[in-house]
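What follows is a set of notes on a single structure, which appears directly below.
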Amino acid sequence: MHDVFTTTLRNKVWFDLWGARQRTVQAILTIAIGAFAVGMILGSLQGVIKDTERSWSASSAPAIRLRVVEGAPADLVEHLETRPDLSAVEGQMEYAIKWRPAPDTPWQAATLVARDDYTNQKLSILSLESGAWPTRREMAVERGYPIAIGDQVELNIDDHVVTAPIIGTVYNRVTLPASLGGTPVFYTTRAHFADLTGRDRYQFLYASVPDYTPERAAAAAAALQADLKDLGLTATPASTERTYSIDPALSWSHDLINGMGFVMQTIGIVTMLLSLLLIYNTVNAIITQQTAQIGELKAIGASSRQILAVYLTIVATYGVCALIISLPLSILAANGLRTLLVTRLGVTPGPFRVEFGPLLIQAAICLFLPVLVALPPIFGGARITVREAINSYGLSGDGSALDEFVGRLSWLSRVFSLAISNAFRNWKRLLLTQLALAGAGVALVAVMSTQSTLSYASRGLFTELYQFPVQIDLARPERWTQLERIATYPGVEQVEIWRTLAGVVKPSDPASTVSARAVELNGIPLPSAAYEAQMVAGRWLEPGDTHAIVLAEGVAAELGVGPGDWVHVQLPAADGRSIWISEEEWQVVGVFIDPNIRNLSRMGMVPRDTLLTELHDGRVGNRVLVQASLSDAAAAPAFANELREFYDDLGIQATITQNDTVYQRSTRQSENLRVISMLLMVMAVIVAAVGGIALSGVLSISVLERRREIGVLRAIGATPRTIRTLFMSEGLIFGWLSWVITLLCSYPVAVALAEQVAATIGISIVFQYAWAAIAFWLVLASVIGVLASIGPAQRAIKASVQESLAYE
Amino acid sequence: MNHDLSSRSPLIQVRDLTKSYHVGPTTVSALRSISLQIWPGEFVAVVGPSGSGKSTLLNMLSGVDRMTAGDVLVDGRAVQRMPEAELARWRGENLGIVFQFFQMLPTMTLLNNVMLPMELANRYTRAERRTRAAQLLTRVGLEDQIHKLPGRVSGGQQQRAAIARALANDPPIILGDEPTGNLDSGSAQIVFDLFAELVAAGKTVVMVTQDEELAARMPRQIELSEGRVAHDQGAPAYA
Ligand SMILES: Nc1ncnc2c1ncn2[C@@H]1O[C@H](COP(=O)(O)OP(=O)(O)OP(=O)(O)O)[C@@H](O)[C@H]1O
Ligand SMILES: [Mg+2]
């Protein structure tokens, strides 16, 4: 390289870097912001995946999860462990209880859990977060709830109240964390559990299979089920997917993480493309600006190779600086974002660390991409002939047909037409810049639309669907006449009674290979005042319908059925003796939107009267929907408590859940989705920042490029204000043009992104276009358009006219 | 401003004008305490070897650059005392500047280039600007090119258009920094004749030139050398 790089040329490199500091800073920032964004996004995504996987694998998740309706005796677990098709078996006792932190506070739902031996767990491992494992009288509690070691809480077990001292907190990685709306779990010993509940049986059986494959697990689960049946025990599916067996590698959060991953990868790729465009633009602008110099260098005998070496060194230097700046920042930011997201998912984040894969990508973005994209313009520049270069010595650039056209618009002010001409002067650059800017704008709008679609899915949609704010679920079906007495309670305006139960649904089509799904069937009166379905396809239930069923979008998709198709519906018997009380063909008449996360809710709606007939029930219901005049939505939970007490006095037992009210359900849903929402907002900020820096980079470089022109303008009498106006107009034209393109292109992109994200998370959505984002982009583009052009223009003005004229 | 040759007060007065550039630790003295006077209607050549300070002097006269010390009075006004915005307006109305490299705005037609100073100075009505610009371009022999972009005409034509632009606001003073320096001899001749015509029409023209032949055809030559006035020949008798 030595012969190529004479001292003089090395000086030229130095001069170009340091002498044009402002341009250097601009170029470095452009590269750095893109590299930073990509490094941070990919780094945190990988971190999130690793952290959640590590946490999940530490739990030894079971492949088979059964709920034994009658409870499995303790010795059965030991017996099952000897089966060759199972590698480990773990039993867990569970009982629904109520708890309260102090005697005069309301009861809340909770679960009492016992394991045989906490110090020797095999599956679905609970780890001790702090304190000690439960003892004879003392209990441990699931972490994340407002219950601390040393607290004395009251537990209500079948109306028998005990005080439990808390001595430990437990981390259960397998269930929904407190932050995502789980209910508190109190852990006790088997003996104490038996004392308190009068049962010493396992309600849940967890098992793993040797060398997991879905087939092996399903076979083992089926065999296990059959054996339990022989023992007179009924097993129901207990996985989050409501299946008997499940891939033990899939955590309950894998859908959320997939959703996050999708968003992050998409935005990562978009920012990478954006920064690519920007780097290309920047380098191209610099080379164009240096055309004259390249000519001069050639005139004095520099070879194309030497010129190439000079400019590649300059570009490589930009890249190295960008890497030095962006690397530590993105490592810090990736760790911060990872901690935020992982904590949000209820997982303990791992220690500060560096993910090497993303780091390499980032290094490549800084070191190779700039040089790569710089090659075409540099080659072009190096090929330029001396004559061409020298001829462009005056004010650089050529006019175009557009300029001639604009020139004929005599009503336009000359200054404004100059701004228009300048903005459109370099078509290629304009195109690339607009591509980058509009790309950022479209990404921003898409991301924010997805965000508002998700937030609508967890807020507005609930209140639109559920017309009645309160929903009381009962422990067992009760007579309508009894239930309707709630109408006399002050504040209650209207009451509707539903009959719900979990049925098993599969397509009637014998050719279908889809396995049956557990579906929460809601028998509703027709017409229903309490529920206003949003249909995706087909129609809603109508009075007179009998064996008609309307399925939630997600369930319909899983089953592969649509309006007109028939499904086979099995309804379990209430007594648990015979398994099915009804097995009938029902016709799907419609598909509706259920905003709940699919894994937490699979809904189907059927006519109540037909359902009751199939169940051989009389006029009974187990879900009461109540319309009430409430001061605000947040008052609903307290009101629901009052209604429950009213029923209690009538001897009707209501289940205590956190899901009595639309308010609670929508809150819980938004808690579930908050991690994605948060992520989307972070991505929006990144995209906006990249877009902002892009615009400001383009504008300030274009100002720098035209210092000589500024000099000429001032020499012929332009005041500083005129010059500012000129560049501001140009900045605004750039910004607004990108806004118009964004406006035109963003809708379909936003719909696609929102649908893809919703599909990955497993929810149905009603798309919400983020008009606010469009407005925000207009403001941002205008503000940046003004700021980014006025700064450099101001500096150019400050430089004396003579300097501007001499500026190279 | 309406001067005639008999007026006894100089139009441009330069007193002890000094200009130094600071390049790193070193100081370059481009002008060392220059004094001179130029009367209305003069046609002055500024000559001298490269680096002698010719451009610097012209830049001081036009207020395009700030001086280090001394005074420049144009028609009695101290150029250096005017704030930027006022200076720009003053320059637009009182000075026409012609550069060596034409410096026409490349995205504007010749007509618009000529109209621009009028608009910047906010002079004449819209219609007047148009007719006036067309007249000026006709005067420099470009009546067929007025709707062309600068890139589509020759260097000599660009320079003529630049002169038309310099005349846009009918300024009393025209400054040219080697306006013929980049032209072939034919074009240079045409441009020089234009300048001579302007002088005949009562304008005051100060022109830097390297071309000794052209300089010799001008009534007065100021020769600079190392930032000082080496010779000043042909100043009017009443000076
Ligand atoms: N911006 C600047 N910074 C530093 N020094 C400068 C600058 N402009 C001019 N000079 C120096 O001032 C001196 C006079 O320069 P000037 O441009 O006035 O010369 P000139 O007579 O016009 O020469 P030429 O005939 O080559 O145009 C020179 O030594 C030059 O190097
Ligand atoms: Mg000069």
Side-chain angles (χ1 to χ4, degrees), chain A residues 292 390-426 706 708-726 730 794 797-806, chain B residues 55-56 58-60 62-66 83-97 99-113 115-123 126-127 129-130 147-152 155 158 162 165-166 168-169 171 175 177 182:
Chain A
I390 298 293
N391 273 355
S392 64
Y393 195 64
L395 285 183
S396 57
D398 241 338
S400 65
L402 174 83
D403 299 326
E404 266 170 313
F405 170 73
V406 172
R408 281 173 196 273
L409 302 177
S410 52
W411 46 269
L412 266 184
S413 99
R414 234 63 21 210
V415 172
F416 191 66
S417 71
L418 191 59
I420 295 181
S421 290
N422 281 336
F424 292 94
R425 186 151 160 183
N426 185 335
R706 299 215 314 276
R708 183 190 289 272
E709 188 174 309
I710 296 175
V712 172
L713 280 170
R714 299 194 56 205
I716 62 171
T719 58
R721 219 178 98 200
T722 312
I723 306 232
R724 270 195 300 272
T725 312
L726 173 69
E730 216 181 302
Q794 195 64 35
I797 290 165
K798 266 222 192 86
S800 69
V801 181
Q802 185 266 342
E803 272 175 64
S804 304
L805 286 170
Chain B
S55 297
T56 308
L58 226 59
N59 288 340
M60 297 297 127
S62 61
V64 145
D65 200 1
R66 297 283 178 181
E84 270 309 314
E86 193 187 336
L87 187 61
R89 263 189 302 276
W90 170 82
R91 199 187 290 129
E93 290 180 14
N94 297 295
L95 294 181
I97 305 179
F99 306 91
Q100 180 174 359
F101 294 105
F102 331 134
Q103 314 286 26
M104 301 299 279
L105 295 168
T107 58
M108 287 187 138
T109 60
L110 299 185
L111 186 72
N112 279 329
N113 257 292
M115 283 168 75
L116 187 59
M118 305 183 212
E119 196 171 283
L120 290 172
N122 202 16
R123 284 179 69 167
R126 239 170 223 215
R129 286 176 198 160
R130 246 185 132 65
H147 289 303
K148 285 197 178 157
L149 292 167
R152 310 262 160 89
Q158 281 195 53
R165 183 175 69 181
N169 288 322
L175 303 176
D177 192 350
N182 231 31

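Proteins come first, then strands; the chains are lettered A, B, ... in the order of their sequence lines, and each starts at number 1. Since the model is a prediction, treat every value here as computed from it, not as a measurement.
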Heavy atoms of A:A718 and B:A88 approach each other most closely as O-CB, 3.3 Å
What are the two closest non-hydrogen atoms of A:T722 and B:L120, and how far apart are they?
CG2-CD2, 3.3 Å
Interface moiety of B:L116 toward chain A, non-hydrogen atoms closer than 4.5 Å
both
